[in-house]
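So the structure is just underneath, and the comments pick up after that.
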Amino acid sequence: MKKFTCVADIGPLDLAVAEAMRIKADRFAWSDLGRNKTLLMLFFNSSLRTRLSTQKAAMNLGMNVMVLDVTQGAWKLETERGVVMDGDKAEHLLEAIPVMASYCDMIGVRAFAGLTNREEDYKEVVIGQFLKYAGCPVFSMEAATRHPLQSYADLITIEEFKTKPRPKVVLTWAPHPRALPQAVPNSFAEWMNATDYDFVITHPEGYELAPEFVGDARVEYDQRKAFEGADFIYAKNWSAYSGDNYGKVLSMDRDWMVDSAKMALTDNARFMHCLPVRRNMIVTDEVIESERSIVIPEAANREISAQAVIKRLLESI
Ligand code: AN0
Ligand code: CP
């Protein structure tokens, strides 16, 4: 594996899950693989889990790790080619990428969608430039349209907690005060569609995701109906994708918050969220604190998915 930005990169999911389980059983078994190799983690946006779990995963493999917060301390970077750089951006990504790559063997990048220009976001311009110009393995730590390390951890978590071969997994939109990208729900849908689970997406009208991510998933606009018989409830807010509403918050419909009454409609479902989560907007205190909530093991599996990905990339160097 030379890069990791989407589900296709990881190959068959049964093998990916089996590899993750092997790593989880003995995460220090490959501590020589990354010796004298350096990972650069580059953040254009904030992070708690991705930063710590990915660094820990690389350290488990014996790597050295450098972290750069592009917005704090580095020169402001221009990402678009052809612009006259007479503004506040002192350096272009086209120089910065090969320079950074000369100091490391692998690069992880977090660069969220700008949420103003759908076409630009969905072209994945920033991570695309890394893939083109870094000359070393590159992986996504959440790009404009996907968050594959999260989805891989979500898959591992569902496999660990499922009690039937083909669980019903429901991705539900939930309210949030600020506009958030579609990367997490897009990616979750992409990975769930690659399994044989019964996968349902529920959201208010106007929050339809891009058709290429929805794929064959069932879309149900009645949240309560979607919850019926569910084994996993995966909550996430996202902003609108459609047309002129791209990147906008259309509704703060508090009726879509996940609460105990809705969880009671499920088949004793597990509650999942990628975190960070706003309590009593997305989910009530009661649900997230309940014994059905698996948000902490889900986050812990971020170390495992990151280690599986970095291990595969190291094996390709
Ligand atoms: C980000 C998002 O929704 O994409 C990161 C989630 C992992 N969330 C926030 O910005 C709150
Ligand atoms: N779930 C996740 O990616 O969290 P961070 O944004 O804190 O990294």
Side-chain angles (χ1 to χ4, degrees), residues 4-6 39 41-58 65 67-72 108-116 118 121-122 124 126-127 139-158 171-191 201 203 207 209-210 213 234-241 246-250 252 256-258 271-283 288 293-310:
F4 178 71
T5 61
C6 62
L39 167 67
M41 291 165 48
L42 211 58
F43 289 92
F44 288 84
N45 311 93
S46 306
S47 168
L48 184 150
R49 276 143 293 273
T50 304
R51 174 185 302 255
L52 296 176
S53 62
T54 310
Q55 178 160 3
K56 177 62 164 54
V65 183
V67 184
L68 181 64
D69 286 299
V70 180
T71 53
Q72 284 166 26
V109 185
R110 166 164 285 201
F112 288 179
L115 294 181
T116 49
R118 183 170 97 173
D121 286 345
Y122 276 68
E124 290 284 10
V126 175
I127 196 147
F139 64 92
S140 164
M141 300 196 298
E142 185 172 339
T145 64
R146 291 174 177 89
H147 192 0
L149 283 175
Q150 181 64 50
S151 311
Y152 189 2
D154 295 334
L155 173 68
I156 299 165
T157 310
I158 292 171
L171 165 63
T172 181
W173 182 93
H176 189 277
R178 292 172 53 190
L180 297 184
Q182 296 102 34
V184 171
N186 282 346
S187 203
F188 186 69
E190 181 176 73
W191 285 65
I201 306 175
H203 55 72
Y207 282 104
L209 294 166
F213 289 103
Y234 190 97
K236 183 71 183 87
N237 171 267
W238 61 88
S239 60
Y241 168 77
Y246 179 70
K248 295 206 175 100
V249 175
L250 305 179
M252 284 274 286
W256 279 73
M257 180 169 66
V258 178
F271 175 80
M272 298 178 73
H273 189 282
C274 64
L275 307 181
V277 72
R278 293 193 185 226
R279 284 175 172 227
N280 306 308
M281 287 290 306
I282 301 272
V283 58
I288 199 166
S293 169
I294 52 173
V295 296
I296 306 303
E298 180 185 0
N301 277 334
R302 289 293 307 276
E303 178 183 340
I304 307 304
S305 65
Q307 188 170 338
V309 166
I310 296 169

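Computed from a prediction, not measured in an experiment: that's the story for all the values here. Ligands are counted one by one from 1 in listed order, and the atoms in each one are counted from 1 as well.
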Chi angles and distances behind the side-chain hydrogen bond (donor to acceptor under 3.5 Å, both in side chains) call for Ser239, Gln182:
CA-CA 7 Å; Ser239 60; Gln182 296 102 34; 3.3 Å; yes

Nearest to atom 4 (O) of ligand 1, what protein heavy atom do you find, and at what distance?
Glu142 OE2, 2.7 Å

Looking at atom 10 (O) of ligand 1, what's its closest protein heavy atom, distance included?
Leu180 CD2, 3.5 Å

Do ligand 1 and His147 have nitrogen or oxygen atoms that lie under 3.5 Å from each other?
no

With a 4.5 Å heavy-atom cut-off, do Arg178 and Arg278 have their side chains touching?
yes

Identify, chain by chain and in numerical order, each protein residue with a heavy atom under 4.0 Å from an atom of ligand 2.
Ser47, Leu48, Arg49, Thr50, Arg110, His147, Gln150, Cys274, Leu275, Arg302

Do Tyr241 and Asn186 have a side chain donor and acceptor closer than 3.5 Å?
no

Which of Gln55, Glu142, Arg302 passes side-chain hydrogen bond (donor to acceptor under 3.5 Å, both in side chains) with Thr50? It is Arg302

Sub-4.0 Å heavy-atom approach of Asn237 to ligand 1:
no

Within the side chain of Trp238, is there an N or O that forms a donor-acceptor pair under 3.5 Å with the backbone of Val184?
no

Answer yes or no for Arg49: is there a heavy-atom contact with ligand 1 below 4.0 Å?
no

Should you measure from each heavy atom of Leu275, which atoms of ligand 1 turn up under 4.0 Å away?
7 (C)

Give me the nearest non-hydrogen protein atom to atom 3 (O) of ligand 1 as residue plus atom name, then the distance to 0.1 Å.
Lys236 NZ, 2.7 Å

Any salt bridge (Lys or Arg N to Asp or Glu O under 4.0 Å) pairs touching residues 144-153, not counting sequence neighbours?
Arg146-Glu190

So Tyr152 and Trp191, would you call those rings parallel, tilted or perpendicular, with 30° and 60° as cut-offs?
parallel

Hey, is Asn45 touching ligand 1 through its side chain, its backbone, both or neither, going by heavy atoms under 4.0 Å?
neither

Thr5 backbone acceptor or donor facing Ser140 side chain under 3.5 Å:
no

Going by the angle between their ring planes, with limits at 30° and 60°, are Tyr234 and Phe188 parallel, tilted or perpendicular?
parallel

Using only atom types and a distance under 3.5 Å, with no angle test, would you say the side chain of Arg110 pairs donor to acceptor with the backbone of Asn45?
no

Pro181 touching ligand 1 at heavy-atom level, < 4.0 angstrom
yes

